[in-house]
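Letters go in sequence order (proteins before strands), and every chain restarts at 1. The basis for the numbers below is simple: all heavy atoms, side chains too, and nothing from hydrogens, waters or symmetry mates.
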Amino acid sequence: MSASSRACWLACIVPFVLAACSSKSNDPPAPVWPAPKVDLRADNNRNGTVDLDDPTEDEGEDGWDGRHGAILLANIDDDQRACPTTGLTDVDLPSCNDAANDVVDGDDDLLDLARLKTAPWAEVPEGARGTLEISAAAAPFVRLFKKGPDGFVAIDPAIELLSSADVAAGVELAIEAKDVVRDKAVWDGFVDVTWRVVFDGTPGGRPAFEASDTVRMRVAPVLLQHHVSPAEKVFTTKILDAGSTAFRADLAKAVTAAKTPNGMEALDGVPDRDPWTQDFFETGYMSMPAPGGEQHVVRVAIRSSNIYRDSLKNPLRPAGKLVFTNLRGKDVAGLQQFDPRSNPDMDSLNSFGNTETIPPFEHAGKKWPLGRIIRGATPSFYPDRSFAALLAAQGVQDPVFVDTSWLFVSHLDETLSFVPAPKPTQRSFLLLANDARLAKKMLEDAKAAGQGGTKMFLGKYWLDEEGVESPAEVSIDDVLADPDVMAASAEAAAEVDAQIEVLARETGLTTDEIVPIPFLHSKIYGGSVAYQPGMVNALVLDATHLAAPDPHGPMIEGKDPFQTAVEAALAPHGVSVTWVEDWDGYHRNLGEVHCGSNVMRAIPTAKWWEAAR
Amino acid sequence: MRTVLAVVGLSLVASLGAGTATGGVVANVAPTVVVSAIDRGAWAREIGAARSRSPSTFERVAAVRARLPELDATRRGRLAPVPQHLEHLGSDAVLALVERVLDGESDGALTATARTAWRAGVVEALGHLRDPRTREVVAPLLDDPDPVVAAAAAQAIARLADDTSVALLAARIAKGELPVVSGAGVARRRPIASALAALLASRPSTEVARAAVRSLADNGAAWAFRTGKVALPGEESDVRSISARALVATFVGYDGEVRQAASNALMVVDDPSTPALIAAAKSSASSDTIAALDQLAARFARNPAR
C-alpha cells in the first residue's frame, strides 16, 4: 500500500475515530476496526513476478523511475498467426493483432500480458465492493483482464464491480496496451491502475470507508537496434537477375563467415521487386521484465512511412507490406505510422536507410545504454513528422539529426556507419565515415606513381538490358580531371565533416574513433551520390565481420588500393571485410550493400527501464 | 540549320553562338537575353540522319526508356537514376536525346515520379554532352512547371558555360528563380558567381539563400578548378574570391541552415582570402556572431576539403 493510499484511507476513517473519542467517558469504548487492506501489486521491482510478500514490490509503486515501476507491453504481435495476409489495405493491415480483440489468444498471448494482483483481505466486511480504475488518458489504450475459473476475461473497469468475496480472496489481473505510444501529447505511455474498496457502513457498526491503492505502469517503448548487437538473421530481396544473384551469393558468404545464427533469408515475392530491403522496414523490439533477470521480448517490424501512391486506402510503399504479411507473427509485432499529407519531396527521408542507431555511449554525464537514434533531417527538410513524433515519444533513444539534404537519396547510411569498438570505453563504437579527401589523395598518389592510365570500374557497365551496355571503365587521370566529380567530392568532404561535428558534440566522439572510408562523389539531379561504390554503406554482421560493396577501384600490382585501405583501417580493430558484388544490382541504382539488406539483431542485455528516462 | 530568334527571359543581350564575354555582375539590371528558338523541322532532319548513321544509339536510349517503369518502381530516393544510364552514351547520343526532349513524354501510364525522372534525366544527360546547339532545345524548359526539369535545364545550359548561356542564367538568378539558382553552379564562371553573390546580398528567403550558397560552392569549388577542365580557368581567382566574400557575408547575415551551408561552401571554395574576410567580419559583429566566426576560422584552418 502506498503512502497516498494510506492517506486516503485515513482521511475517510479518522472522522469516525474522533467522533468516538469525543463521546462521554462512561460510554462503552468504540470498537477499533482493523485498517482496510487494500493493496494492488504489479511487478514494481521488475523481477518478472508479482510478489505479494515482497515489500520492494510496494516501494514507490505510484511513481516510475529507473528503480521502480511496472511495465506492460503493447500486445500488437500475432502469436497464433491468425491475421489475414491478403485482401487488406494499407490502412487495415495493422488493425489485426492480438490486442485487437478482447480475448486472450492462447498461452503465448498470455505471456505478453503484464500481471497484477490484489492482496487478499479475508476480514473485508460483507457488502464492501471493489473497483478498478484506469487513468483517463491511458484508458483508451489499455485493456484489463480478470482471472476467473476459465482463465483471463476482459473486464471494463468503468462498470465492473468486484464483490466482497473477490476482495477477500484477492484477484489476479492482466493488462495489455492496445498500441505503442505514438504521440506524447495524446498519451505519454503511463497507466495508473487504482484498486479501490468502498464500504458504506453497516451491520456490525463498522463505519463507512473508502480506501485505494494505485500503481503506475509504463508501456514498453519501441527500441531500435544498433550495430553492437550481433546479427541473428539477415534479409535481402530475392530478385532473379544476374546483379541480384551475384549480390546474394556474396552476401551469403559474408553471413556464413560471421556464423550468423539464423542465416540469410532472401525475401520472395516482394512487391515491385523492391530491392532496397533496408529501406522498407526496420527492426526493433519491446520488452518487459521476465523471471530470472531476463526480458520478455516482442520484436517489432516497422513499415516505412514512404508514400508511393495517391490512394486513401493503399498509399504506402508496397514492399513495406511484408511487415504484416511476412514478418508479423509469434512475438513479432507489425507497426506503421504515417501522415498521408507529408511532403512527397521529402519522402526519401522516410526510408529506413535514413534511420540508424548510434550504439551505446556515455557523454556529458548522461548514459545512453541503448544508444540514440540518428536520422537525416533539418528544420526545412525532414521526414514524416508523425513518425518522428512516434520515435521521440519512446523516450529512451532520443534522436540525433544530421543534414543529409545535400545527398540525392538523402539517407544517413550513404556516409556514416558504426562498428563495435574492440575495447569500448565511454563509447561502444567506432564511426565509419566517408572520406572523399582521402579517396582523392589515393588517386593522386597513384597518378604520381605513374598509374594515371589505370582503369577503375573495370568490366562494369551502366546498362545491361538486352545486351545494350555502356562501359563504366574510367582512368584515374580522367576521374581526377572531372570537375563535376571533384566539386561533388569536395562538397561531400565538407558536408560529412559537418555530420561528424554533430556526432562529436552529441557523443563526445574523438578523431581516433573515426575510421575513414574513401570514396568520391558525383551528382545526379543536383544531389550527391557515391561515385565509387560507397563502402561505408556496409552491413555490420558482428564485432568482427563487415560485408561491404566491392569498390572496383584500379588494380595496381594486383590489388585494389581502396579495398586495401579499408581492410588496413579496420584490421587493427579486429574487423574483417567480405567484399560484396553490388554494382549491377545496387550501386548503379544509387545504393549499396546496406541498402540492399536488413537484419534482426540479438536483444541487448541492457534493460531500457534502467535508463531512467 | 535555320535559326529563329525569340526572347527568352528579360536580361542582357548576348550574341548567339560563341557569344561575347559578359563577365561581371548582372544583377539589378534587366537586360534581354535572346537565344534562338527551336526549328523543329531542322532538328527532325538532323535526328533522322543521325538515326540512319547510328541506330544503336537510339536503341540504347529506347532501352533505358523501356525500363523506366521498372527503374521508377525500384528507385532509391526521389527519382530513378535515369541520367546515370544515359550520360555515358557519348556524343553520338546528342540527337537521340534531343529527340526525346522535343517529344516530351506523353505516356499517361507513367507515374509522376517516372515522368519527372525521364524528362529531367534526358535533359541532364544531354547537358553532360555539352553540345552548344542544344541550348535552344533546353532553354524553354527553364520555365517548365516541374522544378526538377527546370533545374536540369539550368544545369544543362550551365555546362555549356559560354557567355550566352551564362548571361541567360545570370539574368534569371537575378530574379531569384530557384531552379536556375540551383542548377547554374556547374558553369564555374565568374558571371554566375557575381549573380549569386548579388542575389545573396539582397537577402532572399532561406530556401533561395541556401540554394544560392550551394550553387556558389559548386561554381567556385577549388577541386574543380584544379582539374584545369573548366571553361575558363583564368577566372578561377575571381570566382573563388567573389564566392568567399559573399559566403562570409551570408554566414554573418543568416543563421541556422543557411549559416551551416555557408560554412560548408567556404570549405569547398577554399579561397585564400577567407581568413581575412572572417577577421574583417568580426569587427562589426555581435559577440555571438564573433564566436561563430571564430569557429568558422578554426574550421577553415583545418579545412576538411583541402
Side-chain angles (χ1 to χ4, degrees), chain A residues 272-276 279 308 310 344-345 347-348 351 353 378-381 403 405-411 436-437 440 462-463 465-466 468-472 480-484 486-498 500-501 523-527 529 586 588-591 595, chain B residues 56 59-60 63-64 66-67 70-71 73-81 83-85 87-90 117 120-121 124 128 148 151-152 155 182-183 185-186 188 206-207 210 214 217-218 221-230 256-257 260 263-268 270 299 303-306:
Chain A
D272 285 348
R273 301 197 309 161
D274 192 326
W276 310 112
D279 291 341
Y308 272 30
D310 184 16
D345 291 338
D347 185 66
S348 184
S351 297
T378 72
S380 65
F381 192 65
D403 186 355
S405 65
W406 57 281
L407 292 160
F408 173 68
V409 178
S410 303
H411 293 182
R437 178 166 59 173
K440 175 169 168 278
W462 289 114
L463 182 69
E465 185 75 3
E466 299 167 357
V468 182
E469 296 181 326
S470 303
L480 290 171
D482 186 327
D484 293 334
M486 289 298 112
S489 298
E491 180 195 50
E495 294 282 357
V496 172
D497 179 71
I500 292 171
E501 277 187 12
K523 285 200 173 177
I524 185 168
Y525 303 117
V529 295
Y586 293 88
R588 67 184 182 183
N589 291 319
L590 312 182
C595 312
Chain B
S56 64
E59 288 164 9
R60 288 178 179 188
V64 177
R67 286 186 59 190
E70 176 201 339
L71 290 169
T74 60
R75 70 186 184 271
R76 187 170 195 248
R78 290 163 254 186
L79 300 170
Q84 193 134 310
H85 293 287
E87 67 193 37
H88 304 279
L89 295 178
E124 184 166 328
H128 277 283
V148 180
Q155 193 183 81
S182 301
V186 295
R188 302 193 177 93
T206 297
E207 183 183 23
R210 198 154 170 249
R214 287 188 163 168
D218 203 358
W223 290 11
F225 278 101
R226 217 161 290 157
T227 64
K229 294 292 178 67
V230 299
E257 291 177 72
Q260 181 63 54
S263 170
N264 293 343
L266 281 163
M267 304 302 128
V268 174
D270 196 22
R299 189 180 186 208
N303 189 348
R306 185 177 300 141

Worksheet item: Is the shortest heavy-atom distance from the side chain of His411(A) to the side chain of Arg76(B) under 4.5 Å?
Response: yes
Practice prompt. Among the options Ala481(A), Gly353(A), Ser489(A), pick out the one with the most heavy-atom pairs lying under 4.5 Å from chain B.
Written response: Ala481(A)
Worksheet item: How far apart are the closest heavy atoms of Ala224(B) and Pro483(A), and which atoms are they?
Response: CB-O, 3.5 Å
Worksheet entry | Side chain / backbone / both / neither for Leu480(A) at chain B, heavy atoms under 4.5 Å | backbone
Discussion item. So for Ser380(A), is it side chain, backbone, both, or neither that comes closer than 4.5 Å to the heavy atoms of chain B?
Written reply: both
Worksheet, complete the sentence: On a heavy-atom basis, the closest approach of Tyr525(A) and Ala120(B) is CE2-CB, 3.8 Å
Worksheet item: Do NZ/NE/NH1/NH2 and the carboxylate oxygens of Asp484(A) and Arg188(B) come within less than 4.0 Å?
Response: yes
Discussion item. I'd like to verify something: which residue of Gly256(B), Pro83(B), Gly185(B), Ser263(B) has the highest number of heavy-atom pairs under 4.5 Å with chain A?
Written reply: Pro83(B)
Worksheet item: Has Arg75(B) got its NZ or CZ under 6.0 Å from the middle of the six-membered ring of Tyr308(A), at an angle within 45 degrees of the ring axis?
Response: yes
Practice prompt. Indicate yes or no: does Lys523(A) engage Glu124(B) in a salt bridge with an N to O separation below 4.0 Å.
Written response: no
Worksheet item: By a 4.5 Å heavy-atom criterion (distance strictly below it), what part of Ala73(B) contacts chain A: side chain, backbone, both, or neither?
Response: both
Worksheet item: Can you tell me how far CG of Asp497(A) sits from CG of Asn264(B), rounded to the nearest 0.5 angstrom?
Response: 7.5 Å
Worksheet entry | Contact origin within Ser182(B) toward chain A - heavy atom pairs under 4.5 Å | neither
Response to the item:
Heavy atoms of Ser348(A) and Arg78(B) approach each other most closely as CB-N, 4.2 Å
Worksheet item: Tell me, side chain or backbone of Ala117(B) under 4.5 Å from chain A's heavy atoms, or both, or neither?
Response: both
Item to complete: Compare every heavy atom of Met486(A) with every heavy atom of Trp223(B), then report the nearest pair and how far apart it is.
Response: CE3-O, 3.3 Å
Discussion item. Between Thr378(A) and Gln260(B), is the side chain to side chain contact (heavy atoms under 4.5 Å, CB included) condition met? List the steps.
Written reply: CA-CA 11 Å; Thr378(A) 72; Gln260(B) 181 63 54; over 6 Å; no
Worksheet entry | Side chains of Leu71(B) and Asn589(A) in contact at under 4.5 Å (non-hydrogen atoms) | yes
Response to the item:
Under 4.5 Å to a heavy atom of chain B? For Asp272(A) that would be both
Item to complete: Please name the pair of heavy atoms, one in Ala490(A) and one in Val268(B), separated by the smallest distance, quoted to 0.1 Å.
Response: O-CG2, 3.7 Å
Worksheet entry | Side chain proximity check, Leu79(B) to Phe408(A), heavy atoms < 4.5 angstrom | yes
Worksheet entry | Residue, of Val409(A), Asp274(A), Ile500(A), that accumulates the most heavy atom pairs under 4.5 Å with chain B | Val409(A)
Fill in: chain A contact via Asn303(B) - side chain, backbone, both or neither, heavy atoms under 4.5 Å
backbone
Worksheet item: At their closest point, which heavy atom of Ala494(A) faces which heavy atom of Met267(B), and how far apart are they?
Response: CB-CB, 3.9 Å
Worksheet item: Of all of Ala222(B), Ala221(B), Ala305(B), which one pairs up most often with chain A through heavy atoms under 4.5 Å apart?
Response: Ala305(B)
Item to complete: Just give me the residue among Gly591(A), Ala498(A), Ala492(A), Pro344(A) that pairs up with chain B most often, heavy atom to heavy atom, under 4.5 Å.
Response: Ala498(A)
Discussion item. Within the structure provided, determine whether Glu257(B) and Pro379(A) are in side-chain contact (heavy-atom separation under 4.5 Å).
Written reply: yes
Practice prompt. Could you tell me the separation between the CZ atom of Arg210(B) and the OG atom of Ser405(A), rounded to the nearest 0.5 Å?
Written response: 3.5 Å
Worksheet entry | Engaged part of Asp310(A) at the chain B interface, taking heavy atoms whose separation is under 4.5 Å | neither
Discussion item. Using side-chain heavy atoms (C-beta onward) and a distance below 4.5 Å, is Gln84(B) in contact with Ile524(A)?
Written reply: yes
